[in-house]
Amino acid sequence: MIRKRTSIFISGRGSNMSALIEAARRPDFPAEIVLALSNRPDAAGLATAKNYGVATAAVDHKIYAGREEFERSLQILLDIHRIELICLAGFKRILSPSFVERWRGRMINIHPSLLPEFRGLDTHRRALEAGAKIHGCTVHFVEPELDAGPIIVQQAVPVLAEDTPESLAARVLEKEHEIYPQALALVASGRAKFERARQDRRMTFPQQF
Ligand code: GRF
């Protein structure tokens, strides 16, 4: 089996990254995690990746004149490691439309809400304030518009009366760790594909899915 060479982009603790690395340790998993890349040199997840024996790189966005220069460095690293797929996992930089276009269909993201509900930040507090009865997480293909690409997998969780943003976040995070590996497996194996239709873009799944 050919395993897709995958890079995970992080900015922080990297718990989703760990879930992906763990899943990809199985020899029958269709992706191989070959590079953890952070825009923050102090991201805790970099040490975690090293402990797993995954190559790491920090590309500090602050030392670059602009987004284009920063992304040029990212792209060089992706080329060196012959990366075929990118998983954004708590990566806190907006990527330019040209970078997104280049990786379209080959870059996925996890978002802590049931998209299209609660795009953007602070999703758990906003869900509680809105009185949502269910909340959850989504893995989707990345499009230039923020948190807007075609959805690959979603998982809902109940919102409980006594929930705080923290307790709700913890319940959602458990599900994030389940669905991100599932979504990566679907994309890496070609079972979920980003397709451009004539008028719109959509994703296809095989009949039985
Ligand atoms: C997760 O909640 C993810 O959905 C969001 O940022 C958080 C990252 O957590 N995009 P971690 O770094 O994977 O632990």
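For ligands, and for the atoms within them, numbers begin at 1 and follow the listed sequence. Everything numeric in this text was worked out from a predicted model, so none of it was measured.
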> After noting the C-alpha distance and the side-chain angles of Trp103 and Gln75, does the key distance pass the side-chain hydrogen bond (donor to acceptor under 3.5 Å, both in side chains) rule?
Replying inline: CA-CA 10 Å; Trp103 283 92; Gln75 188 58 51; 2.9 Å; yes

> Should Ser113 and His135 be marked as a side-chain hydrogen bond (donor to acceptor under 3.5 Å, both in side chains) after you check the CA-CA gap, both sets of side-chain angles, and the distance that decides it?
Replying inline: CA-CA 6 Å; Ser113 81; His135 187 45; 5.8 Å; no

> Looking only at atom types and distance, does a side-chain atom of Thr123 sit under 3.5 Å from a main-chain N or O of Pro112, one as donor and one as acceptor?
Replying inline: yes

> Counting distance only, does the side-chain N/O of Gln154 pair as donor-acceptor with the main-chain N or O of Leu115 below 3.5 Å?
Replying inline: yes

>> For ligand 1, give me the residues whose heavy-atom distance to it is below 4.0 Å, by chain and number please.
In response: Arg13, Gly14, Ser15, Asn16, Gly90, Ile110, Pro112, Glu176

> Ion pair present between Glu101 and Arg104, side-chain N to carboxylate O less than 4.0 angstrom?
Replying inline: yes

>> If the threshold is 4.0 Å, N to carboxylate O, is there a salt bridge linking Arg72 and Glu69?
In response: no

